[in-house]
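Structure, as structure tokens:
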Amino acid sequence: MQELEKELSHRIKYVVSLSKEIPWYVRKYKELGIDPDEIKNPKDLLKAYEKGLYTTSADLPELVSPYKVFRQWFLTSGTSSRRRGELPKGKPIAMTIDDRERNKRACRIGYEKFIKRGDKILNCFPYSPGISGEASVHGLEDFEINVLHVGPQVLSDTEQFLRWYSVFKPNVVFGLMASIYQLPLKLKDQNVEPSSLNLEKFMIGGQPSSLEERKIVSKDFGNALVYDWYASTESLGPMACEIEPFSDEYEVVLPEVLLSVVRGNEILSEGEKGNTLITNLYKVGEKPHMVLINYLFSDDVVRCDEVEEERYATLISEIENAFINLGGSKLTLREIKSVRAKLEEGPYKGVLSREPPFVRNYRDEKTRKDIAIIRIESTKTLEDSEKNKIAELIRKKIYEINYPVLEQVEKVKSSELYIEITNPRELYKGYEKYLTPGKPLELLKI
């Protein structure tokens with residue numbers, strides 16, 4: 001641990017020295033009365049956060065380093081409310097060669113837990129301008145394995161998937177959970193038993209998934225291992241990796257990133273839930289695309305499971321980066337997916353589709369109430385009475401696991417929650433203009 005603390009201090013002092021070349025930080029240090037030369041370790045960095053030194057997505061364009069080096073560009077997520085035909089609304093982010101090296105080191109921490117010599121990996125993460133496909137491939141470069149990067153559309157087209165499978169014979173698949181979750185059913189539709197493919201391991205990331213969904217995928221593929229990663233474009237790679245499949249416990253990729261859990265300007269302790277705060281750390285001499293110090297993920301909520309004396313986290317869990325607001329109470333997509341998965345494996349097996357739930361959340365200007373509409377697709381056309389029965393059961397299960405939502409909707413009546421069971425292929429009926437290639441549309445906040 002002493003070696004880690006020493007390395008963290010070296011890297012923190014280095015990135016702070018880089019920040020003195022960027023006008024935004026120079027201005028911020030002066031405004032807050034912070035001497036950057038006094039920031040020498042994690043505790044100093046977090047004290048600076050408490051004084052107001054942090055960055056957000058709005059600041060990203062001003063955090064770019066001045067170095068004249070190679071940069072490969074990507075886009076952050078920002079497509080959930082984009083109309084068909086429009087350009088993506090994500091913010092541009094780039095990687096330098098040194099960013100790639102840092103990403104490789106961060107990925108290695110997770111890969112060493114499950115990637116073995118001789119593995120054959122079918123990588124179904126998106127291509128550029130999304131970062132996940134290329135970053136996950138870069139991270140594998142030091143392993144004695146074979147990789148075929150085919151993109152996300154392969155998991156949606158069963159014939160194409162089987163074609164690539166027959167050519168490459170993978171034993172590992174990387175991809176978005178929404179597509180991997182549906183893959184077993186699509187294979188069975190082609191009279192292919194998923195467990196016969198001998199897919200031993202899956203790595204997922206890029207969108208919320210419930211523990212129940214991951215266990216169902218494992219069962220479908222003959223007890224395959226499923227590892228979840230917590231990553232972002234802003235961190236230029238993983239921030240934490242699930243240390244054991246189905247543990248829902250994630251190890252922070254130290255010393256490549258410093259991560260703390262915060263609420264307001266308070267650094268939280270073990271057992272508490274709050275927002276993610278990260279600083280990207282580099283080895284002395286590396287030239288990053290941007291200097292990201294105390295970057296706040298205001299839409300991400302995680303639980304802090306293990307904290308060092310320096311107040312940074314080493315283990316986190318219960319990661320959620322998509323939630324619905326109902327009168328101040330929060331209902332997460334993970335909770336909705338968990339309820340759906342339990343019903344899909346129980347009384348409504350074969351009745352509820354594995355398409356991700358679609359949720360619209362907005363404020364009604366006339367009533368000033370928060371409104372949430374949850375849509376879950378069925379696999380066949382149902383009578384209205386059966387749809388209503390399923391919807392009410394989902395509502396009951398949501399209330400059982402989230403009392404604040406029950407209180408706001410049923411008692412305070414500050415909000416309204418609608419649950420709709422749709423016919424097959426009608427999940428997005430009326431919202432087709434918001435559909436775009438890439439990740440499925442899960443949450444629309446308009």
Side-chain angles (χ1 to χ4, degrees), residues 114 119-126 132 136 148-229 242 245-248 333-334 336-358 376-380 390 421-425 427 438-442:
F114 71 99
D119 278 345
K120 301 181 77 173
I121 301 170
L122 190 69
N123 189 323
C124 300
F125 280 125
S132 58
S136 56
L148 179 61
H149 187 192
V150 293
Q153 72 284 349
V154 169
L155 292 176
S156 301
D157 186 331
T158 315
E159 290 185 5
Q160 193 177 162
F161 174 82
L162 291 172
R163 209 159 41 237
W164 284 118
Y165 176 85
S166 66
V167 169
F168 190 58
K169 292 294 192 297
N171 68 313
V172 185
V173 174
F174 289 2
L176 298 172
M177 186 58 178
S179 298
I180 289 176
Y181 191 53
Q182 296 176 60
L183 181 60
L185 299 185
K186 293 183 176 182
L187 289 170
K188 289 178 180 179
D189 286 343
Q190 296 290 325
N191 296 316
V192 176
E193 176 54 43
S195 59
S196 70
L197 299 181
N198 297 317
L199 295 173
E200 303 167 351
K201 295 170 281 192
F202 291 84
M203 189 189 88
I204 61 172
Q207 57 187 170
S209 69
S210 70
L211 185 59
E212 289 78 11
E213 288 175 315
R214 302 202 289 275
K215 288 181 177 179
I216 288 172
V217 167
S218 171
K219 181 181 176 183
D220 287 341
F221 284 99
N223 297 319
L225 302 178
V226 183
Y227 290 83
D228 189 23
W229 282 31
E242 196 173 23
F246 321 116
S247 67
D248 204 34
L333 284 187
R334 274 170 55 109
I336 297 170
K337 291 179 178 183
S338 176
V339 167
R340 190 275 308 270
K342 288 176 181 177
L343 294 181
E344 192 252 322
E345 276 296 281
Y348 291 101
K349 190 177 184 70
V351 176
L352 295 181
S353 166
R354 289 193 181 181
E355 281 284 339
F358 167 56
I376 293 178
E377 186 180 273
S378 64
T379 59
K380 55 188 176 182
I390 297 172
I421 307 301
T422 76
N423 292 328
R425 296 175 296 280
L427 185 65
K439 295 181 187 178
L441 178 61
E442 295 183 307

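The analysis underlying the following values was restricted to heavy atoms, covering all of them including side chains, and did not include hydrogens, waters or symmetry mates. Counting begins at 1 with the first residue of the sequence.
Evaluation of the ring pair (Phe, Tyr, Trp, His ring centres under 6.0 Å) test over residues 157-212, restricted to residues two or more places apart or in two chains, returns Tyr111-Phe174, Phe202-Phe221.
Expressed to the nearest 0.5 Å, how far CZ of Arg340 lies from OG of Ser210 amounts to 7.5 Å. Atom CD1 in Ile216 sits 10.5 Å away from atom NZ in Lys342 (nearest 0.5 Å).
Within the 4.5 Å cutoff, side-chain heavy atoms of Ser156 are placed close to those of Lys186. Looking at Ile390 and Tyr348, their side chains come closer than 4.5 Å, going by heavy atoms from C-beta outward. The shortest side-chain heavy-atom distance between Ile376 and Pro357 falls under the 4.5 Å cut-off. Looking only at side-chain heavy atoms (C-beta outward), Gln207 and Pro356 stay at 4.5 Å or farther from each other.
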Inset, instruction - Output, in order, the C-alpha distance, side-chain angles, deciding distance and verdict of side-chain hydrogen bond (donor to acceptor under 3.5 Å, both in side chains) for Thr158 and Asp189. - result: CA-CA 9 Å; Thr158 315; Asp189 286 343; over 6 Å; no

Inset, instruction - Report the C-alpha separation of Asn171 and Asn198 in whole Å, then their side-chain angles, then the decisive distance to 0.1 Å, and conclude whether the side-chain hydrogen bond (donor to acceptor under 3.5 Å, both in side chains) test is met. - result: CA-CA 6 Å; Asn171 68 313; Asn198 297 317; over 6 Å; no

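Using a 4.0 Å cut-off between charged nitrogen and carboxylate oxygen, Glu345 and Lys219 count as a salt-bridge pair. The pair Lys337-Glu212 does not count as a salt bridge, with every side-chain nitrogen at least 4.0 angstrom from each carboxylate oxygen.
Between Gln160 and Val154, the shortest heavy-atom contact is OE1-CG2, 3.5 Å.
Side-chain atoms of Asn123 come within 3.5 Å of backbone atoms of Phe125 as a donor-acceptor pair (strictly under, hydrogens ignored).
Every residue two or more places apart in sequence or in another chain that forms a salt bridge (charged side-chain N to carboxylate O under 4.0 Å, His left out) with Asp248 is listed here: Arg214, Arg334.
Looking at Leu187, Val217, Leu185, Leu199 one by one, the single match for side-chain contact (heavy atoms from CB on, under 4.5 Å) with Pro194 turns out to be Leu187.
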